[in-house]
Amino acid sequence: MAVLAQTDERPWLEELNPEQRAAATHDGGPLLILAGAGTGKTTTLCARVAWLVSSGVPSERILLLTFTRRASREMLQRARGLVPASSRVLGGTFHSVAHRLVRRHAAALGLPGGFGVLDAGDAADVLDLLREEAGHARSKTRFPKKGTLLDIYSRTVNAQQPLSGVIEEFFPWVSEHREAISALFRSYTARKRELGVCDLDDLLLYWRALAADEVIGPRLAAAFDHVLIDEYQDVNGLQVDLARSLGSHGPTVTAVGDDFQAIYGFRSASAAHILDFPEHFPGTRVVTLERNYRSTQPVLDAANALAAQAQRAFPKRLRADREGGVRPRVVWVRDEAAQAEEVCDRILEAREQGMELRSQAVLARTSHDSDLLELELTRRRVPFHKYGGLRYLEAAHVKDFVATLRLVDNGADDVAWFRVLQLVEGLGPVSARKVIAAMSGELEAVPDRLAAWASARQLVPAAARESADALIAALREARAEARPGPRAEGLRDVLAPLIRLRYPDGVLRLQDLDQLVSAAHQATDPRHFVAELVLDPPSSSADIAQPPHLDEDYLTISTIHSAKGLEWDSVHVLAVYDGNFPACMAAGTSESIDEERRLLYVGMTRAEDRLVLTRVRERHGVPTGGAQFLDELGL
DNA sequence: ATACGACGGTTTTTT
DNA sequence: ACCGTCGTAT
């Protein structure tokens with residue numbers, strides 16, 4: 001192919017620097033792009049997709065695996081902008097791609113056709129149910145709670161490590177319950193089978209099982225010529241297995257990442273995987289991107305100084321492409337209330353000077369760090385949008401609604417029954433349990449609990465019976481309605497009075513449900529509406545109906561985890577002091593301190609021009625002590 | 001016996 | 001927001 005013709009037809013290649021272009025146009029074996037923060041990683045990956053497509057690779061034979069759905073959407077959109085033919089590139093998270101594959105091979109895996117997908121909250125609810133059934137809830141010794149149980153379980157799956165090792169290394173305080181936990185996990189697996197559901201970890205496990213199959217494995221891989229994986233520093237061992245399986249059966253694998261932005265260790269991810277990539281994929285070409293186009297040098301100097309303190313890391317320095325800049329500032333404030341006022345003042349001041357809210361962000365270690373700031377912003381009527389933290393699907397009323405949707409698809413989902421029955425006033429956990437037991441029959445699991453309602457309803461306290469009847473009738477009607485929109489509407493209508501009664505702000509909460517109903521109207525695949533909701537959860541109620549209005553100016557508040565890959569002119573990082581950031585939970589090992597340090601690094605490198613870190617002197621009247629990370633910045 | 005409101009202590013980060 | 005506990009109403 002003539003070089004001249006190439007650049008003529010692909011002006012976007014001209015805009016890349018030599019390293020970026022080398023990566024985008026690499027032809028041959030596996031490719032690893034080590035791309036520091038702000039070095040044009042997304043640009044390069046999009047250009048590579050566009051280059052592949054314009055070189056004749058059919059777009060549907062390209063698989064783009066990203067960490068979040070948002071990243072996938074953004075990249076596909078940009079690639080389409082460069083080369084319209086990129087429109088059929090298959091993109092998504094590991095989990096959403098797994099769902100597609102597992103769905104297609106459900107029968108081979110022994111799963112029902114319309115199997116459900118449990119999100120983290122649902123999985124925890126199943127574990128809680130089993131925990132209760134096993135009598136751990138009322139035992140003398142403190143037994144780990146559902147959230148901890150799920151964390152432990154997920155570790156064993158994602159790190160592919162036996163339970164005893166996981167407990168010893170990460171959860172030593174529950175070691176006295178090791179046997180009971182082991183038994184609980186066995187019943188968890190069995191229960192999921194009975195319910196005909198998968199949790200998020202199962203999706204990856206099933207994908208790997210398919211990949212390992214002699215017939216199916218090679219066929220899955222043969223569907224693609226190229227597999228591109230974003231944020232490779234955040235994959236775990238299970239995901240590495242998937243990548244390697246694909247790579248060994250045909251497709252060329254391209255991975256992009258930065259070992260110093262690995263911040264998902266708690267999910268069993270490890271930066272070791274990106275460093276092992278050349279070993280796992282023989283013949284790998286490594287391209288390193290170091291020129292930073294995002295930030296000014298003073299911002300990078302501080303980030304580099306922080307990075308240099310890591311116990312274990314591969315030395316690298318980001319060099320700014322842009323001139324000038326001001327030094328990042330550390331601002332001392334008395335307490336969290338003062339921090340809220342101070343940050344709010346500074347943001348408004350910057351807006352006065354012409355910096356729109358949309359080019360400013362407030363980042364925090366935990367979603368909770370911004371509570372007071374959110375109150376202050378609301379008080380002063382400053383519009384903001386919060387990412388991370390409590391998710392839409394985790395709100396109690398949304399879970400109520402989703403549980404009814406699940407019941408319509410799967411009458412055997414006892415976790416959903418347990419939740420939905422208790423919405424009826426006067427019907428509590430004890431009665432709900434009895435009713436479910438009666439509906440499922442003593443010996444044989446009846447797949448459809450609805451059929452046994454006539455007799456089971458006797459167990460409902462008389463005062464609640466009529467209301468429960470209405471709920472059941474609505475479920476029957478919903479089942480008769482195949483279209484997801486009207487179906488969701490019917491369920492919303494029957495839940496409406498119950499939710500208004502249960503929650504003091506019920507009217508507001510109902511509006512959230514309205515948005516879910518309108519999302520249901522637009523559902524492409526009615527059978528999998530709920531599963532897709534779980535895999536692509538809207539970050540807030542506003543995201544469901546439409547993306548936020550583009551003409552509205554609003555501030556972004558986000559956890560650093562949710563801010564990955566994004567950038568703003570001005571960034572505030574809240575509450576950087578020992579015990580909060582680094583979190584006290586991380587105080588134990590140098591690796592966990594390193595991960596906290598990398599997290600701050602990710603936060604700082606989101607800033608283009610202005611970076612302010614706040615340090616709080618006291619908390620609830622108690623002095624906070626040092627701030628290790630701020631001392632390391634060399635400011 | 002069961003349901004439920006009130007109260008106080010706790011909460012990392014996410015597909 | 002969640003969890004466990006306790007007192008009160010049914």
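Lettering follows sequence order; numbering is per chain, from 1.
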>> Once side-chain hydrogen bond (donor to acceptor under 3.5 Å, both in side chains) is applied, what residue pairs with a partner in residues 419-432 of chain A remain, sequence neighbours excluded?
In response: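 Every side-chain hydrogen bond (donor to acceptor under 3.5 Å, both in side chains) pair that includes a residue of residues 419-432 of chain A, provided the two are not neighbours, is D400(A)-R419(A).
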Using the side-chain heavy atoms of [X], tell me which of these nucleotides is nearest: [options].
X	options	result
A120(A)	dT15(B), dT13(B), dC3(C)	dT15(B)
K434(A)	dT13(B), dT2(B), dG4(C)	dT2(B)
T559(A)	dT15(B), dG4(C), dT14(B)	dT14(B)
K146(A)	dT14(B), dG4(C), dC3(C)	dC3(C)
S562(A)	dT14(B), dC3(C), dT15(B)	dT14(B)
R267(A)	dT14(B), dC3(C), dT13(B)	dT14(B)
T93(A)	dT14(B), dT15(B), dA3(B)	dT15(B)
F266(A)	dT15(B), dC2(C), dT13(B)	dT13(B)
R509(A)	dT15(B), dA1(C), dT2(B)	dA1(C)
R131(A)	dT11(B), dG4(C), dT14(B)	dG4(C)

Is it the case that the ring center of [Y] lies less than 6.0 angstrom away from the ring center of [X]?
X	Y	value
F170(A)	F266(A)	no
Y264(A)	H561(A)	yes
F115(A)	H99(A)	yes

Write down the distance between [atom1] ([X]) and [atom2] ([N]), rounded to a whole number of angstrom.
X	N	atom1	atom2	result
H561(A)	dT11(B)	NE2	P	18 Å
D125(A)	dC3(C)	CG	C1'	13 Å
R619(A)	dT11(B)	CZ	P	11 Å
R155(A)	dT14(B)	CZ	C1'	13 Å
D202(A)	dT15(B)	CG	P	18 Å
Y232(A)	dT15(B)	OH	C1'	17 Å
L129(A)	dC3(C)	CG	P	13 Å
L238(A)	dT15(B)	CG	C1'	12 Å

>> Regarding F67(A), tell me which of base, sugar-phosphate or nothing describes its non-hydrogen contacts under 4.0 Å with the strands shown.
In response: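 If one applies the 4.0 Å heavy-atom cut-off, F67(A) turns out to touch the sugar-phosphate alone, with no base involved.
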> What is the distance from atom CG of D369(A) to atom CD of E336(A), rounded to the nearest 0.5 Å?
Replying inline: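 Rounded to the nearest 0.5 Å, the CG-CD separation comes to 7.0 Å.
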>> Side chains of R208(A) and Q160(A): any donor to acceptor distance under 3.5 Å?
In response: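 Q160(A) vs R208(A): donor-acceptor pair found between side chains.
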>> Below 30° counts as parallel, above 60° as perpendicular, anything between as tilted: where do the rings of F94(A) and W207(A) land?
In response: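 The arrangement is tilted - the two ring planes meet at 30° to 60°.
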Quick one: is [X] getting a side-chain N or O under 4.0 Å of the [N] phosphate, OP1 or OP2?
X	N	value
T366(A)	dT11(B)	no
S96(A)	dT15(B)	no
K145(A)	dT10(B)	no

Output a table of nitrogen or oxygen pairs between the protein and nucleotides 4-7 of chain B separated by less than 3.5 Å.
from   : atom 1 : to      : atom 2 : distance (Å)
dC4(B) : OP1    : G426(A) : N      : 2.5

> Can you name the residues that form a side-chain hydrogen bond (donor to acceptor under 3.5 Å, both in side chains) with R606(A), not counting sequence neighbours?
Replying inline: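 Listed in chain order: Q261(A).
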